[in-house]
S.K.: 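Let me begin by handing over the structure; questions about it come next.
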Amino acid sequence: MDLNKYIGERIRYFRNKRGWTSEELANKLGTSRVTVTRYETGTRKTNQDVLFKLADVFNVSINEFFPNQGKPSNLVSVDNSGMHPVRIPILGNIACGEPILAEQNIEGYTTELFDEEPDGTLFALKCQGDSMEPKIPNGATVIVREQPTVEDDEIAAVLVDDNEEATLKRIKHIGNQVMLMPENQKYDPIILNKENPGRILGKVIKVSYDL
């Protein structure tokens, strides 16, 4: 059995069942109509991240995209792999260059896999800008565990400018000041103090992005 074609047929089935066009599904996935067509014809492989997005969009289990029998020997079921899929709310964009306004409304959800079940309250943020490259590229999704403090050299999501703008930086404590350090050397650090206050939203625990 050609697994890519089988998955493609399932994608087309769920899309048609909901009365969506290829373009409508593409918009929901954040991709192009041509890419959706390639998924459905099996000419483009649907990786794990795409399958989780599809399962979320169609509101079905990821197992619905696989045959019950005859699976390839190297295909590992998520449910039996020891991994922990977690559905996490996306709270908006976070700047990796110039800070942008923090958007606290949930824009959607992402499903991420963890080796161990994570603790605490998690949220996801989409990154914009290149100040954290190459560690975190533009367009990456970061998973943040909500906590008010982090250790030196850990990466945190921080609200600055009277809690109106958010940025993503590596933390460095110097006396009573906190320095927000970019990875990209063409950007200058941001200093938090009494004159320029800020608040740590949480610690970045995972980064995911498409190659």
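As the structure is a prediction and not an experimental result, all values here were calculated from the model. Computed from heavy atoms alone, side chains included, the values below leave out hydrogens, waters and symmetry copies.
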S.K.: Which heavy atom of Asp119 sits nearest a heavy atom of Arg145, and at what distance?
M.R.: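 Heavy-atom minimum between the residues: O-CD, 3.3 Å.
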S.K.: Run the numbers on Val158 and Ile171 for side chain to side chain contact (heavy atoms under 4.5 Å, CB included), then give the verdict.
M.R.: CA-CA 10 Å; Val158 185; Ile171 299 297; 4.1 Å; yes
S.K.: Flag the pair Val204 / Ile143 as yes when at least one side-chain heavy-atom distance between them is below 4.5 Å, and no otherwise.
M.R.: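 The answer is no; the side chains never approach within 4.5 Å.
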S.K.: Quick one: side chain to side chain donor-acceptor pair (under 3.5 Å) partners of Glu9, sequence neighbours excluded?
M.R.: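 Glu9 satisfies side chain to side chain donor-acceptor pair (under 3.5 Å) with no other residue.
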S.K.: Would you find a donor on one side and an acceptor on the other, under 3.5 Å apart, between the side chain of Arg38 and the backbone of Thr43?
M.R.: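 No, Arg38 side chain to Thr43 backbone: no donor-acceptor pair under 3.5 Å.
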S.K.: If you take all heavy atoms of Ala156 and Ile200, which pair is closest and at what distance?
M.R.: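 Ala156 and Ile200 have their closest heavy atoms at CB-CG2, 4.1 Å.
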S.K.: Would you say the side chain of Thr111 lies within less than 4.5 Å of the side chain of Val86, judging by non-hydrogen atoms?
M.R.: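 A side-chain contact under 4.5 Å is absent here.
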S.K.: Just by distance, with hydrogens left out, do Asn193 and Gln177 show a side-chain donor and acceptor under 3.5 Å apart?
M.R.: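 A donor-acceptor contact under 3.5 Å links the two side chains.
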S.K.: Is Val60 reachable from Leu54 through a run of hydrophobic residues whose side-chain heavy atoms are each under 4.5 Å from the next?
M.R.: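 Looking at the clustering, Val60 is in the same group as Leu54.
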S.K.: Is Ile191 isolated, or which residues cluster with it under the ILVMFWY side-chain rule of less than 4.5 Å, directly or via members?
M.R.: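 Its cluster partners, ordered by chain and number, are Ile174, Met179, Met181.
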S.K.: If we only count heavy atoms from C-beta on, is the Tyr187 to Asp130 side-chain gap below 4.5 Å?
M.R.: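 With C-beta onward as the side chain, the pair touches.
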S.K.: Determine whether Leu122 and Ile205 make a side-chain contact, defined as any pair of heavy atoms from C-beta on separated by less than 4.5 Å.
M.R.: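 Heavy-atom side-chain distance check passes, below 4.5 Å.
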S.K.: So which heavy atom on Ser61 is nearest to which on Ala55, and how close?
M.R.: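 Heavy atoms only, the tightest pair is C-CB, 4.2 Å.
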S.K.: So, Glu154 and Arg170, do they make that salt bridge, N to O below 4.0 Å?
M.R.: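 The answer is no: the pair does not qualify as a salt bridge.
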S.K.: I need the minimum non-hydrogen distance between Thr21 and Glu24, along with the two atoms involved.
M.R.: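 Smallest interatomic distance, heavy atoms only, reads N-OE1, 2.8 Å.
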S.K.: I'd like to know whether Ile136 forms a side chain to side chain contact (heavy atoms under 4.5 Å, CB included) with Leu168, so could you lay out the CA-CA distance, the side-chain angles of the two residues, the decisive distance to 0.1 Å, and finally the verdict.
M.R.: CA-CA 10 Å; Ile136 303 176; Leu168 187 74; 3.7 Å; yes
S.K.: With the side chain counted from C-beta on, respond yes when Arg44 and Asn4 share a heavy-atom pair under 4.5 Å apart, and no when they do not.
M.R.: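 No, their side chains stay 4.5 Å or more apart.
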S.K.: Evaluate the side-chain proximity of Lys45 to Tyr39: yes if any heavy-atom separation is below 4.5 Å, no if none is.
M.R.: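 Counting from C-beta outward, Tyr39 and Lys45 never come under 4.5 Å.
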S.K.: Looking just at side-chain N and O atoms, do Thr149 and Gln147 make a donor-acceptor pair shorter than 3.5 Å?
M.R.: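 No - no donor-acceptor pair under 3.5 Å links their side chains.
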S.K.: When rounded to the nearest 0.5 angstrom, what is the spacing between OG1 in Thr46 and CD1 in Ile7?
M.R.: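 Atom-to-atom, Thr46:OG1 and Ile7:CD1 are 4.0 Å apart.
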S.K.: Working note: Lys206 + Glu112, criterion salt bridge (Lys or Arg N to Asp or Glu O under 4.0 Å); need CA distance, chi angles, decisive distance, verdict.
M.R.: CA-CA 9 Å; Lys206 186 177 181 182; Glu112 300 288 335; 3.4 Å; yes
S.K.: Charged N to carboxylate O under 4.0 angstrom, Glu183 versus Lys135?
M.R.: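 Judged by the 4.0 Å cut-off on N to carboxylate O distance, Glu183 and Lys135 do not form a salt bridge.
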S.K.: For Asn138, enumerate each residue passing the side chain to side chain donor-acceptor pair (under 3.5 Å) test, keeping only those at least two apart in sequence or located in another chain.
M.R.: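 Partners of Asn138 by the side chain to side chain donor-acceptor pair (under 3.5 Å) criterion come out as none, since no residue qualifies.
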S.K.: Working to the nearest 0.5 angstrom, can you tell me the gap between Phe123 CZ and Leu201 CG?
M.R.: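 Output value for this atom pair is 5.0 Å.
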S.K.: Tell me if a side-chain donor or acceptor on Asn196 pairs with a main-chain N or O of Leu192 at a distance below 3.5 Å.
M.R.: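 Absent.
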S.K.: Could you check whether atom CZ of Arg33 has more than 12 heavy atoms from other residues, nucleotides or ligands sitting under 6.0 Å from it?
M.R.: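 Open.
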S.K.: How about Ile90 and Leu125: do any of their side-chain heavy atoms sit closer than 4.5 Å?
M.R.: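 Answer no - side chains too far apart.
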S.K.: Using modelled atom types and a 3.5 Å cut-off, is there a donor and acceptor pairing between side-chain atoms of Arg10 and backbone atoms of Glu64?
M.R.: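 Yes; judged by distance alone, with no hydrogens or angles, the pair exists.
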S.K.: Shortest non-hydrogen contact from Pro134 to Pro137?
M.R.: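 Closest approach of Pro134 to Pro137: O-CD, 4.4 Å.
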S.K.: Let me see the working for Phe52 and Asn47 under side chain to side chain contact (heavy atoms under 4.5 Å, CB included), right down to the final yes or no.
M.R.: CA-CA 9 Å; Phe52 273 118; Asn47 61 32; over 6 Å; no
S.K.: As an exercise, state the distance from CG of Leu25 to CZ of Arg18, rounded to the nearest 0.5 Å.
M.R.: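 Answer for the CG-CZ pair, Leu25 versus Arg18, is 10.0 Å.
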S.K.: Please determine whether side chain to side chain contact (heavy atoms under 4.5 Å, CB included) holds for the pair Ile155 and Lys203, giving the CA-CA distance in whole Å, both sets of side-chain angles, and the decisive distance to 0.1 Å.
M.R.: CA-CA 6 Å; Ile155 297 175; Lys203 173 185 173 181; over 6 Å; no
S.K.: What pair of heavy atoms forms the shortest contact from Val142 to Cys127, and how long is it?
M.R.: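 Taking Val142 first and Cys127 second, the nearest heavy atoms are CG1-SG, 3.5 Å.
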S.K.: Taking the side chain as every heavy atom from C-beta outward, state whether Pro182 and Lys169 have any pair of such atoms under 4.5 Å apart.
M.R.: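 SC-SC contact between Pro182 and Lys169 confirmed.
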S.K.: Could you tell me the separation between the OG1 atom of Thr37 and the CZ atom of Arg12, rounded to the nearest 0.5 Å?
M.R.: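 Atom-to-atom, Thr37:OG1 and Arg12:CZ are 9.0 Å apart.
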S.K.: Do Tyr13 and Leu29 belong to the same hydrophobic cluster, where Ile, Leu, Val, Met, Phe, Trp and Tyr are linked whenever their side-chain heavy atoms lie under 4.5 Å apart, directly or via other members?
M.R.: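 They do share one cluster, since a chain of ILVMFWY contacts under 4.5 Å joins Tyr13 to Leu29.
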S.K.: Check for a donor-acceptor pair, side chain of Asp152 on one end and backbone N or O of His173 on the other, with a separation under 3.5 Å.
M.R.: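 Flag set: sc Asp152 to bb His173 pair under 3.5 Å.
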S.K.: Students often mix this up, so state it plainly: with edges at 30° and 60°, are the rings of Phe58 and Phe65 parallel, tilted or perpendicular?
M.R.: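 Because their plane-to-plane angle lies in the 30° to 60° range, the rings of Phe58 and Phe65 count as tilted.
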S.K.: Which value, rounded to the nearest 0.5 Å, describes the distance between Thr167 atom OG1 and Gln128 atom CD?
M.R.: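 So the gap between those two atoms works out to 11.0 Å.
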S.K.: Atom CD of Gln48 and atom CG of Leu51: how far apart are they, to the nearest 0.5 Å?
M.R.: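 Those atoms lie 8.0 Å apart.
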